[in-house]
Colleague: 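Here it is, the structure in full.
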Amino acid sequence: MSKEESSQIPKFTFISLFSGCGGFDEGFEQSGFECLGAFDNDQSVLDVYRRNLKGPTFLHDLSSNQLPNESNFQGVDVLIAGSPCQGFSTAGLRNLNDPRNKLLLVGGAIAKTLRPRVVISENVMGSLSGAHKIYWDTLVNDLESLGYNIKFLKCSATDFGLAQLRKRIFMIAWRGSKDVDFTLETVPGKTLQEALDGVDSLPNQEHIKPITDPLILKLATYIKPGQKLCNVRGGDKSVHTWDIPEVFGFVTKEENQVLEKIKELRRKIRLRKSGDADPVAVSDLQLYCNFYVQPVLNELIRKKFIRKIGERYDLQHTFNGLYKKLEWTKPSMTVDTRFGDPRFFLHPEEVRGFSVREAARIQGFRDSFVFSGKVNQQFKMIGNAVPPPMAKGVADLIRRVL
């Protein structure tokens, strides 16, 4: 491209709310946008942002629903906001009244003053589910009252060349014509092996949490790629605690039958309208067993495989998956804030968890993007970030819209 052609490309601006270390902003910078200000209440993430990105940073608590020196940002083209997802995520407690949920509305409050041409809010897919959708409904109403049109985009990381099964929702609000093409340009995703090729000599690769506990080492060796330790699901991908006698203790044929039946019935015979499963009655278990189940239940309680809840019984360990071992030939699961902990994610070949650089590679950060601070904080920065290639895909779309 010639200098003359380059000078004719309009320079659009943006401000970033809840910027974190800058994954969302990285995508917009790569698309040619200029950042006028990145705002977050965590100095450690802003330190990483300043080291890697061009925009000025501001340590600020956005729960105030306003920006410092707000008049300085009048005329900004785009406002982007990646508010906290913890209260919405299906991986958490999904507390409807989590105070962080209200931060989804901050972008609308600030747009009321700045009137940017485009407002973009990003969050997890769970934020659109059930009663939690009220926060999106409120934000939409706020922006529509200001004259914005609204469009929701559901994005998958694998559509942006990433080796990760990560889905996110983007709300686009814009002023002007409603006749806008919101087709995103996509590229094929990668496998984990493709994403991590050549990673060994890069910065942040040394941050690997070693496995020292001998019991955990046994688990990490026993679980195969594509499997996880999970008592509440069946199939080849779930390894149950009663399948590993070297770690959790031996069970008899009758005990195994009762455990398998509890696993099945706790989700089949429901007592509540909500929740994932309920404890099982002795009478229901007895219907499926040709032996007297009460002594078996007593022995399984002693062995700590099950627990008694009132007059019913449930599995002792009901987590949906620990020690998830990834596969070279498939995309990674979602990179979350615990990605460096081997209790949650295991390397497909080596008996260990993942490094900071490996997590960053899977998220799509460029190799020259360097993380600093405490290692657990670095994993949180990466897990909380919008993958830069996904952000760039959205930014390229917004550039066309503008």
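We're numbering straight along the sequence, starting at 1. Being a predicted model, the structure only gives us computed values, none of them experimental. Excluded from the calculations below are hydrogen atoms, water molecules and symmetry mates; all remaining heavy atoms, backbone and side chain alike, are included.
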Colleague: If you measure only the distance, is there a donor-acceptor pair under 3.5 Å linking the side chains of R366 and S368?
Modeller: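 Yes, a side-chain donor-acceptor pair sits under 3.5 Å.
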Colleague: Within the 3.5 Å criterion, strictly below it, is a donor on T113 or E70 matched to an acceptor on the partner's side chain?
Modeller: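 Yes, side-chain donor-acceptor contact under 3.5 Å.
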Colleague: If you measure only the distance, is there a donor-acceptor pair under 3.5 Å linking the side chains of S332 and Q164?
Modeller: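 Their side chains do not contain a donor-acceptor pair, so the 3.5 Å distance test is not met.
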Colleague: Between R399 and F12, is NZ or CZ placed under 6.0 angstrom from the six-membered ring centre and within 45° of the ring axis?
Modeller: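 Geometry flag: not set, cation outside 6.0 Å or 45°.
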Colleague: Hey, are T183 and D181 close enough side-chain-wise for a donor-acceptor pair under 3.5 Å?
Modeller: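 T183 and D181 do have a side-chain donor-acceptor pair below 3.5 Å.
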Colleague: Heavy-atom count check: over 12 atoms from other residues, nucleotides or ligands less than 6.0 Å from R307 CZ?
Modeller: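 Enclosed: over 12 neighbouring heavy atoms sit under 6.0 Å from CZ of R307.
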Colleague: Taking the side chain from H347 and the backbone from E350, do they hold a donor-acceptor pair closer than 3.5 Å?
Modeller: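 Answer holds: yes.
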Colleague: Counting heavy atoms not belonging to K237, are there more than 12 under 6.0 Å from its NZ?
Modeller: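 Counting other residues, nucleotides and ligands, NZ of K237 stays at 12 neighbours or fewer.
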Colleague: Verify whether one side chain among N298 and Q294 offers a donor that lies under 3.5 Å from an acceptor in the other.
Modeller: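 Indeed, the side chains of N298 and Q294 share at least one donor-acceptor pair under 3.5 Å.
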Colleague: One pair to check against ring pair (Phe, Tyr, Trp, His ring centres under 6.0 Å): F14 and F73. What are the steps and the verdict?
Modeller: CA-CA 9 Å; F14 74 99; F73 306 102; over 10 Å; no
Colleague: Can you confirm whether E185 is buried at CD, in the sense that more than 12 heavy atoms of other residues, nucleotides or ligands lie under 6.0 Å from that atom?
Modeller: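 Open: at most 12 neighbouring heavy atoms sit under 6.0 Å from CD of E185.
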Colleague: Please say whether more than 12 non-hydrogen atoms of neighbouring residues, nucleotides or ligands are located less than 6.0 Å from CG in D236.
Modeller: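 Check fails, neighbour count at 12 or below.
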Colleague: Can you see whether T334 engages R166 through a side-chain donor-acceptor pair at a distance of less than 3.5 angstrom?
Modeller: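 Side chains of T334 and R166: no pair found under 3.5 Å.
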Colleague: Tell me whether the centres of the aromatic rings in F379 and F339 are closer together than 6.0 Å.
Modeller: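 No; F339 has its ring centre 6.0 Å or more from that of F379.
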Colleague: Is there a side-chain contact between I80 and E122 in this structure, where contact means two heavy atoms from C-beta onward sitting under 4.5 Å apart?
Modeller: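 They are not in side-chain contact.
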Colleague: Measure the CD-OH distance between Q286 and Y292 for me, rounded to the nearest 0.5 Å.
Modeller: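 Result: 7.5 Å between the selected atoms.
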Colleague: Does a donor on one side chain and an acceptor on the other come within less than 3.5 Å for D47 and Q43?
Modeller: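 Distance-only check passes for D47 and Q43.
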Colleague: Does the pair R352/E358 count as a salt bridge with the N-to-O cut at 4.0 Å?
Modeller: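 So R352 pairs with E358 through a salt bridge.
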Colleague: So for atom NZ, which belongs to K380, do other residues, nucleotides or ligands contribute more than 12 heavy atoms lying within a distance under 6.0 Å?
Modeller: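 No, the 6.0 Å shell around NZ holds no more than 12 heavy atoms from other groups.
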Colleague: Measure the CZ-CZ distance between R400 and F182 for me, rounded to the nearest 0.5 Å.
Modeller: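 Rounded to the nearest 0.5 Å, the CZ-CZ separation comes out at 10.0 Å.
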Colleague: More than 12 heavy atoms of other residues, nucleotides or ligands under 6.0 Å from NZ of K303: yes or no?
Modeller: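 Atom NZ in K303 is packed in, count exceeds 12.
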Colleague: Can the ring centres of W136 and F152 be said to be less than 6.0 Å apart?
Modeller: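 Between W136 and F152, the centre distance is under 6.0 Å.
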Colleague: Thinking salt bridges, do R272 and D278 make one under a 4.0 Å N-O criterion?
Modeller: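 A salt bridge is present here (some side-chain N lies under 4.0 Å from a carboxylate O).
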Colleague: Using a strict 4.0 Å threshold on nitrogen-to-oxygen distance, state whether D367 and R361 make a salt bridge.
Modeller: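 So D367 pairs with R361 through a salt bridge.
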Colleague: With a 6.0 Å cut-off (strictly less than), is the heavy-atom count around NZ of K228, excluding the residue itself, greater than 12?
Modeller: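 Above 12, so yes.
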Colleague: Can you find a heavy atom in the side chain of F365 that is under 4.5 Å from one in the side chain of F371?
Modeller: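 F365 reaches F371 side chain to side chain.
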Colleague: Check this for me, if you would: do D142 and K112 make a salt bridge, where the nitrogen-to-carboxylate-oxygen distance has to be below 4.0 angstrom?
Modeller: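 No salt bridge links D142 with K112.
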Colleague: Are the side chains of S83 and N123 in contact, using a 4.5 Å heavy-atom criterion?
Modeller: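 Sidechains of S83 and N123: in contact.
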Colleague: Examine the side chains of D179 and S177 and answer whether a donor and an acceptor come within less than 3.5 Å of each other.
Modeller: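 No donor-acceptor contact under 3.5 Å links the two side chains.
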